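For ligands, and for the atoms within them, numbers begin at 1 and follow the listed sequence. Keep in mind it's a predicted model, so treat the numbers as computed, not measured. Below, all heavy atoms of this structure are taken into account, side chains as well, without hydrogens, waters or symmetry copies. Throughout, residue positions are numbered sequentially from 1 according to the sequence presented.
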Amino acid sequence: MTRDTIAVLGAGAWGAALANVAAQGRRRVALWAHDPGHAETLARDRENRRHLPGLPLAHAVAPTSDLASIADARVVLAVVPAQAMRDVARAARPYLADGAAFVICAKGIERDRRHFMSEVVAEELPQARPAVLSGPSFAADVCKGLPTAVTLAAADEALAQRLCEALSTKTFRLYRSTDIRGVEIGGAAKNVFAIAAGMAAGRRLGASAQAALIARSFAELTRLGRALGARSETLMGLSGLGDLVLTCGSAQSRNFAFGQALGQGAAVQDASGGKLTEGAFTARVLIEMARKEGVEMPIAEAVDAILSLRLSVDAAIEALLMRPLKAEI
Ligand SMILES: NC(=O)c1ccc[n+]([C@@H]2O[C@H](COP(=O)([O-])OP(=O)(O)OC[C@H]3O[C@@H](n4cnc5c(N)ncnc54)[C@H](O)[C@@H]3O)[C@@H](O)[C@H]2O)c1
Ligand SMILES: O=P(O)(O)OC[C@H](O)CO
């Protein structure tokens with residue numbers, strides 16, 4: 001499978017970066033954009049100037065807005081925003097080959113139906129073999145060829161191994177897993193916690209508070225993950241702890257930067273600066289899932305309360321600090 005044809009759905013920062021990865025050693029990688037104008041601009045500029053300025057598309061990457069371009073792909077990388085995954089998967093259904101691997105690269109949970117991305121894909125693409133790719137990885141770092149390691153999970157370990165071989169390069173290293181649910185929970189939840197970490201940075205709470213916030217966020221992730229059947233080693237691995245540490249520790253993260261702007265006083269509707277902040281879509285559904293499982297997630301609850309305008313940043317910090325003292329679990 002290592003030289004199988006690969007297509008990429010979604011031509012934003014991460015789609016362009018993964019298309020460049022897939023282009024190594026391949027003659028053609030279709031990069032599908034839902035907006036024909038965006039596909040034309042990419043084809044003309046050979047660069048995603050909005051999302052990845054200064055980082056050219058590899059020669060083999062072929063931008064297109066024609067979904068039929070995925071028909072010959074044995075591996076399709078789905079790199080659209082989580083809330084768009086159902087529509088894109090449904091539109092891809094007539095074109096996706098039977099048995100093709102459909103690798104979910106979005107990090108989020110469907111808000112309306114409370115479905116994980118793998119559930120969305122199972123419903124919309126019955127002919128696909130779903131997989132999930134997630135872990136600490138900024139698109140710009142990957143495009144620059146900086147060393148990066150992520151997890152790729154598929155229910156069938158042989159498929160996971162073959163996908164790892166197909167997608168790994170010298171600087172982009174994939175570790176296989178069969179814990180799809182564990183990998184997708186980590187990717188979705190870390191975006192919510194990164195908003196909280198950004199707020200703490202924006203309020204200048206100090207490095208000690210940042211570390212405490214990451215550790216307590218990990219405790220919340222672990223509690224929810226276990227309740228939903230995730231494995232401990234997944235939660236402690238690249239797609240769990242690894243991505244949490246990256247995203248909660250860098251203003252390069254859009255979710256962190258969004259939280260930082262909120263912490264500095266920006267209004268919720270202005271704080272993202274027009275950038276995709278998946279955590280803002282995931283916060284509510286994450287806590288709804290947690291409540292259903294009887295799992296306490298005070299940091300995620302605080303993020304949701306702030307985004308829903310029920311609590312100010314300072315009131316949320318105060319409430320978290322005033323929680324009753326308890327055992328460290
Ligand atoms: N950027 C990163 O470093 C990175 C890394 C790992 C994972 N991810 C994940 O990848 C996913 C995509 O993020 P991104 O960074 O590429 O975002 P982005 O904002 O750079 O690009 C998103 C792309 O999706 C397109 N899009 C928007 N609505 C759409 C729809 N309804 N149908 C089809 N396409 C649509 C946009 O036009 C845009 O090209 C997110 O879930 C994100 O969490 C991003
Ligand atoms: O910019 P963010 O916050 O969407 O994070 C990007 C990646 O998910 C980091 O692993």
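- A salt bridge is defined here as a Lys NZ or Arg NE, NH1 or NH2 lying under 4.0 Å from an Asp or Glu carboxylate O, and Arg86 with Glu124 meets this definition.
- Under 4.0 Å from ligand 1, the heavy atoms of Ala11 that appear belong solely to its backbone.
- The single protein non-hydrogen atom nearest to atom 10 (O) of ligand 2 is Asp243 OD1, 2.7 Å, given as residue, atom name and distance.
- Ligand 1 places these atoms under 4.0 Å from at least one heavy atom of Lys107: 6 (C), 7 (C), 41 (O), 43 (O).
- Residue, atom and distance of the protein heavy atom nearest to atom 12 (C) of ligand 1 are Val79 O, 3.6 Å.
- Protein heavy atom in closest approach to atom 13 (O) of ligand 1: Leu276 CD2, 3.6 Å.
- Ligand 2 does not have Ala194 within reach: every non-hydrogen atom of the residue lies 4.0 Å or more from it.
- Distances shorter than 4.0 angstrom occur between a heavy atom of Val80 and an atom of ligand 1.
- Near Pro136, with a cut-off below 4.0 Å to any heavy atom, the atoms of ligand 2 are 10 (O).
- Between Ile109 and Thr282, the shortest heavy-atom contact is N-OG1, 3.9 Å.
- For ligand 2, the atoms lying closer than 4.0 Å to a non-hydrogen atom of Ser253 are 1 (O), 2 (P), 3 (O).
- Of the heavy atoms in Cys105, only backbone atoms (N, CA, C, O) come closer than 4.0 Å to ligand 1.
- The nearest non-hydrogen atom to atom 1 (N) of ligand 1, considering only Glu278, Arg254, Gln252, His51, comes from Arg254.
- Salt bridge annotation for Glu293-Arg223: absent, with no cationic side-chain nitrogen under 4.0 angstrom from a carboxylate oxygen.
- Looking only at distances, a side-chain donor or acceptor of Thr169 sits under 3.5 Å from a matching main-chain atom of Thr171.
- A donor-acceptor contact shorter than 3.5 Å links the side chain of Ser168 to the backbone of Leu174.
- Put simply, CD1 on Ile70 and CH2 on Trp32 are 9.0 Å apart, with the number rounded to the nearest 0.5 Å.
- Linking Ile, Leu, Val, Met, Phe, Trp and Tyr residues whenever their side-chain heavy atoms come within less than 4.5 Å leaves Leu159 and Ile180 in two separate clusters.
- Closest heavy-atom approach to atom 24 (O) of ligand 1 within the set Ala78, Gly279, Pro81, Gly187: this belongs to Pro81.
- For atom 5 (O) of ligand 2, the closest non-hydrogen atom on the protein side is Lys190 NZ, 3.4 Å.
- Using a 4.5 Å cut-off between side-chain heavy atoms of Ile, Leu, Val, Met, Phe, Trp and Tyr, with links allowed through other members, Met289 and Val303 fall into the same hydrophobic cluster.
- For atom 33 (C) of ligand 1, the closest non-hydrogen atom on the protein side is His34 CG, 3.4 Å.
- Gln252 contributes no side-chain N or O that, together with a main-chain N or O of Phe138, makes up a donor-acceptor pair within less than 3.5 Å.
- Of the N and O atoms on the side chains of Asp243 and Thr247, at least one donor lies less than 3.5 Å from an acceptor on the other residue.
- Look at Ala33 and you'll find every heavy atom at least 4.0 Å from all atoms of ligand 1.
- Counting atoms of ligand 2 from 1 in the listed order, those under 4.0 Å from a heavy atom of Leu246 are 9 (C), 10 (O).
- Formation of a donor-acceptor pair under 3.5 Å by the Asn20 side chain with backbone atoms of Pro56 is found in this model.
- Here is the list of ligand 1 atoms found below 4.0 Å of a heavy atom in Ala139: 1 (N), 2 (C), 3 (O).
- At the shortest separation from atom 1 (O) of ligand 2 among protein heavy atoms lies Arg254 N, 2.8 Å.
- Side-chain contact, Thr178 with Arg231: a donor N or O sits under 3.5 Å from an acceptor N or O.
- For ligand 2 and Thr247, the ligand atoms under 4.0 Å from any heavy atom of the residue are 3 (O), 9 (C).
- Formation of a donor-acceptor pair under 3.5 Å by the Arg46 side chain with backbone atoms of Ala58 is found in this model.
- Side-chain atoms of Arg129 come within 3.5 Å of backbone atoms of Gly99 as a donor-acceptor pair (strictly under, hydrogens ignored).
- For atom 20 (O) of ligand 1, the closest non-hydrogen atom of the protein is Ala13 N, 2.8 Å.
- The closest donor-acceptor contact from the side chain of Asp4 to the backbone of Val75 lies at 3.5 Å or more, if one exists at all.
- Of all protein heavy atoms, the one closest to atom 5 (C) of ligand 1 is Ser137 O, 3.1 Å.
- Looking at Arg203, its side chain does come within 3.5 Å of a backbone N or O of Gly263 through a donor-acceptor pair.
- Atom numbering of ligand 1 starts at 1 in the shown order; those under 4.0 Å from a heavy atom of Phe138 are 3 (O).
- Contact between Gly108 and ligand 1 is absent, with no heavy atom of the residue lying under 4.0 Å from the ligand.
- Listed by number with element, the atoms of ligand 2 under 4.0 angstrom from any heavy atom of Lys107 are 7 (C), 8 (O), 9 (C), 10 (O).
- With respect to atom 8 (N) of ligand 1, the closest heavy atom belonging to the protein is Trp14 CD1, 3.3 Å.
- Residue, atom and distance of the protein heavy atom nearest to atom 21 (O) of ligand 1 are Gly12 CA, 3.1 Å.
- Listed by number with element, the atoms of ligand 2 under 4.0 Å from a non-hydrogen atom of Gly135 are 10 (O).
- Considering only non-hydrogen protein atoms, atom 31 (N) of ligand 1 sits nearest to Ala84 CB, 3.3 Å.
- Using a 4.0 Å cut-off between heavy atoms, Val88 contacts ligand 1 through its side chain alone, with no backbone atom that close.
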